[in-house]
Structures are given as structure tokens and as C-alpha cells.
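Just so we're clear, the structure is a prediction, and the values are computed from it rather than from any experiment. We're numbering straight along the sequence, starting at 1.
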Amino acid sequence: MESSSKLAIKRGTRILTEKPFAYVLKSKYRLERCDNCLEATKVLKCSNCRYVSYCNRSCQQQAWSIHKHECLFLKRALPRIVPDAARMLCRLILRLEHGGDLERGYYTEHGSRKFRDLMSHYAEIKNDPKRIEHLESLHAVLTDMMAESGKGSLTGSLVPNMNELMSIYGRLITNGFNILDAEMNSIATGIYLGVSITDHSCQPNAVATFEGNELHVHAIEDLPCLDWSKIYISYIDLLNTPEQRRADLKEHYYFLCVCSKCIDPQEMHEMTAAVCPNGSCDASVNIQLDKCESCGTPVSEQLRTDYSEVMALTQSSLDSMKEVAYLDVCKVCLAKHRGILHPLNVWHVKTLDAAFEASIQVGKWTEALDYGRQLLPGFAKYHGEWNPLLGLLQLKLGKIELYERNYKQALQHLQEAQRILNVTHGQDHRLLLEQLRPLMLQAKHEMR
């Protein structure tokens, strides 16, 4: 927790540090990450439930105050895998049962929130058939998992009635954070009480990052003072059109964003722009208009047709590659983009991103560098100049340049990564200490 302040806040200042009220490691990582510290390392299973794993005795002891209440339930569930949302609900029920309802998460010296202060969106969920169906399936899992202990006491009474469970579920789905590792992969889900005071904006002035299960919030703009009613983080992926962002927010958080980026029609036109038919004009073109607003070159019906076909192909291709990106598919799309989609069209940027990651997966380093360099302007425009994803892109490019023995270029990318990540993560974050700085030292050494 950081103190409230009337003093100006500089960009890069850590304005909040918070431990989770409750958190759960994603089940797909349960045999390769510690259930307590979330570290990816050699782990050993809990000798009783055989469901969760820990990296050492110390982590197991730290976790026991919480795990002892769920251990029997997880043991009973094996060999089935408990859905992450069900395990999270189980933990929240147990936390509330054992005094968690009185716990406060502080965002200033005196400002705090309890679990019951979080919005539940009860009415919206009650009228959302998909949510109700999900909740009913989770209720069935919990009832089975937390059934009678066989010792005469009805542990099943721990599962609240549907109305109460709905209010807990609502607080989880609308306040839960994806806990991210250093590479921004989602590895766990957590509820943090203090930071729940923070509202969303598609033009955030703060960013949440993680070290293990600890959440840090850093200011990414200079602020006149620490006023939490004016601190904004992004709840969603910003590499989307205003229409998609608003749909995501409505579906997951039950509100419509009215920030300037979402209500400005120009934003939508830029994100879906075509290239100007005039090869010497680099303006973005609104395909609905008759001509380029910059140079006056007419927009032909053929360009409109080609544009519609390419956009449809790209959107369906990216949709089919949500889990795994295939380099050959990306290449086909990118080839069709030439002369049709503007370099800052969001679907072109998304395809470059997929191609970059796919190239890394198959070890095509020269191609990865090409895609990564092209990706930089799009990431800076849509994610923002002070976003961890832009810093990580620079870090990855620096690492690949170093591998390819392009030491000068490597150092340039790594220095840019340091400039951004110092702000978003803080100079003392393990990402900088253990990954970035050794790479910078290596690049400087090789340049001698």
C-alpha cells in the first residue's frame, strides 16, 4: 500500500502494492508452477490432496492457512480437474467463512475496501442466460466437491444458496484480475480489494503489473496528485476497434466505455483504414468515402471489393488462430494486405503480432525481426507509448538481435525496453534485474 498524497506523482511512480484477497493458479500449470508463489520451477505435489504442487517446504507452509480448508475437497475431485472458476469460488467461500468478510484492502492510508464493497452486478447477471448457465454448472461442481465430509458434519452447508453464490460469482467475474507472468501470459486469477477502486479507460494513466502474486500499480503519466477517482487502468485488450472494446466491456463488466477513443468515429476509421491508391501518399483512407481526404485520389469499387475480401479473410484467419498462430497462414494474409490495408489498420497489426510470435515458435529469427520491427508503430499507437506489451516487444527484439549478433541494434532495442519497463514495472522488478540487465551487459560486452 502506498500513501495518499497531495504532491505531484511522476510517471513511473508505484502508487499501489497489494497482495490478493484470494487467488488460484490456472489448472493447466498445476504440475509446473508453484501453487503459492506461482514460480515456474520443479514442484512437488501436496502429499494429501495430490492436486496442487509447491516449489519448496516454505511455500507449502505459507499456503497451508488457506489450502488446509480446500485440501479435502481437491482430493475428492481427483482424477477430475476442477474448473478454475469453481476453485476460485471455493476459495472465496472459504475465505469469507473464515473471517475474510472483515478483511480490508487499502489503496491509501485511510481508504480501503472489503469484499462486500465490490460491485456484484447481481441484476445484470440474473438476466444473462450465459452467465446463469455457467453459474449453475459451477454450483453443481461445488456441491459435489464440497459435499458431506463423512464425519457427521455437513460440509455441504458451506456452499451458499444460489442468490448468495450469484453475488460472490458476480464480484469474481467483474473484479477478477488475470495474474500475469513476466511475459504477460495469464497464469492465475486473483481478487485484489484495494485496486478494485480503479476504473477503466481505453486511455489509461496507470498500469497493473505483477511480481508473483503481488500486484503493483504504476502511474504511466505525470499526475497532479494521487486522486483514485482519476486513476484509470485498462480492463481489456486495447488492440481492438472501439466497437469490439465496447462489446467486450459490456459483456464482461456490464458497462459501455464513453472515453474519447471509444466515441470518436475517426478512431474507428483509422483502425480499419485502407491504404491510399496513390503510392506516394501514406494517408489512411476511409473505404466508405469516394476519395482520399489527404491527396484527393479516388477510391475505386475494385479497391472496396478487395478490401472487403481481405478483411473477411484476415478476421476469420485470426479467429481460427486464437490458441496457436500458424506462420504460413499469417504470411498468406500479410501478402494480401499489400496495397489494400493501411500499415496501421488494426487487423494488419494483429496479423503482424501473430506472425511475430509464430516465427519465434519455429525459430525463424530473421523473419521474426522483420515482423517485430513492423509491429512497433502499431503497438505504440494502440497499446500506448508506456505499455508493458510494447516494452516486452522491444525486449524480445533485443534478445533476437543479440542472438543474430547484431549487437548495436540489440542494445538500442534493450535500452528502449528499459525506458518503458522502468515505468511500467519499476527498476527493482525481476524482469529487469534477471532478464533485461544481463542482456544489456552482454550486448555492451560484445560491442567492445
Side-chain angles (χ1 to χ4, degrees), residues 1-18 20 105-109 111-113 117-119 121 171 173-180 184 186 190-210 214-264 266-268 271 346 379-392 420-426:
M1 182 199 74
E2 313 298 331
S3 293
S4 176
S5 173
K6 294 295 180 189
L7 301 173
I9 303 291
K10 285 285 183 193
R11 174 187 285 137
T13 302
R14 186 173 297 168
I15 55 177
L16 185 69
T17 298
E18 189 172 13
Y106 286 84
Y107 52 91
T108 64
E109 195 173 345
S112 66
R113 280 163 80 81
D117 295 327
L118 308 186
M119 290 188 73
H121 291 282
R171 288 176 173 89
I173 61 169
T174 56
N175 295 279
F177 272 83
N178 279 317
I179 299 175
L180 310 174
M184 301 290 283
S186 176
I191 288 275
Y192 296 82
L193 300 180
V195 78
S196 67
I197 193 75
T198 318
D199 285 329
H200 163 84
S201 173
C202 298
Q203 292 179 295
N205 56 14
V207 66
T209 53
F210 298 87
E214 189 174 76
L215 177 143
H216 300 155
V217 179
H218 288 86
I220 57 172
E221 300 295 345
D222 292 340
L223 304 169
C225 64
L226 184 56
D227 177 355
W228 281 96
S229 68
K230 295 176 183 173
I231 304 285
Y232 301 99
I233 60 175
S234 173
Y235 295 176
I236 52 166
D237 181 4
L238 295 174
L239 194 60
N240 273 318
T241 61
E243 184 181 38
Q244 184 59 53
R245 292 198 308 268
R246 296 185 96 203
D248 287 350
L249 289 164
K250 187 69 176 168
E251 181 183 349
H252 295 104
Y253 301 98
Y254 299 103
F255 73 89
L256 280 174
C257 187
V258 290
C259 75
S260 59
K261 279 186 78 172
C262 279
I263 58 176
D264 179 7
Q266 189 59 29
E267 173 85 2
M268 184 68 166
M271 293 188 96
V346 73
F379 261 39
K381 180 174 176 61
Y382 297 123
H383 287 304
E385 297 281 351
W386 301 100
N387 186 287
L389 290 168
L390 181 59
L392 277 169
I420 296 166
L421 297 174
N422 273 347
V423 167
T424 61
H425 287 65

From NZ (K381) to CE (M271), nearest 0.5 Å: 8.0 Å
Over all atoms of both residues, closest heavy-atom pair of L226 and I9: N-CG1, 3.8 Å
In Å and rounded to the nearest 0.5 Å, what is the CG to CD1 distance from L16 to I231? 10.0 Å
Nearest atoms (heavy-atom pairs only) where D227 meets S229: OD1-OG, 2.7 Å
Can a donor-acceptor pair be found, under 3.5 Å and without considering hydrogens, that links the side chain of E18 to the backbone of G194? yes
Polar side-chain atom of R14 near backbone of H425 as donor-acceptor pair, under 3.5 Å: yes
CG/L223 to CD1/I15 distance, rounded to the nearest 0.5 angstrom? 6.5 Å
Test item: P204 and L238 side chains (from C-beta on) under 4.5 Å apart, heavy atoms: yes
Can you tell me how far CD of Q244 sits from CG of L239, rounded to the nearest 0.5 angstrom? 11.0 Å
Give me the one residue out of Y254, Y235, Y232 that meets ring-ring contact (aromatic ring centres under 6.0 Å, His included) with H200. Y235
To the nearest 0.5 Å, how far apart are OH in Y106 and CD1 in I197? 13.5 Å
Using the six-membered ring wherever Trp is involved, compare the ring planes of Y192 and F177 and label them parallel, tilted or perpendicular (cut-offs 30° and 60°). perpendicular
P242 and C262 have their tightest heavy-atom pair at CB-O, 3.7 Å
Indicate the atoms forming the closest heavy-atom contact of I220 with R11, along with that distance. O-NE, 2.9 Å
Hey, does L256 have a side-chain heavy atom less than 4.5 Å from the side chain of L249? no
Could you report the tightest heavy-atom contact between T424 and N387, atom names first, then the distance? CG2-C, 4.0 Å
Could you tell me whether E243 atom CD has more than 12 heavy atoms of other residues or ligands within 6.0 Å of it? no
Taking every heavy atom of L390 against every heavy atom of E385, the minimum-distance pair comes out as CD2-O, 3.7 Å
Answer yes or no: is there a donor N or O on one side and an acceptor on the other, between the side chain of W228 and the main chain of Y107, under 3.5 Å? yes
Min side-chain heavy-atom separation R113-L118 under 4.5 Å: yes
Measure the SG-CZ distance between C202 and R246 for me, rounded to the nearest 0.5 Å. 9.0 Å
Anything under 30° is parallel, anything over 60° is perpendicular, the rest tilted; go ahead and classify H216 against H218. perpendicular
Flag, side chain of R171 to backbone of M119, donor-acceptor distance under 3.5 Å: no
Side chain H383, main chain F379, donor-acceptor under 3.5 Å: no
pair D117-L193: side-chain heavy atoms closer than 4.5 Å: no
Does T17 offer a backbone N or O that forms a donor-acceptor pair with the side chain of E214 under 3.5 Å? no
Taking N205 for its side chain and K230 for its backbone only, find out whether a donor-acceptor pair lies under 3.5 Å. yes
Return yes if some donor-acceptor pair links the side-chain N/O of R245 with the main-chain N/O of N240 below 3.5 Å, else return no. yes
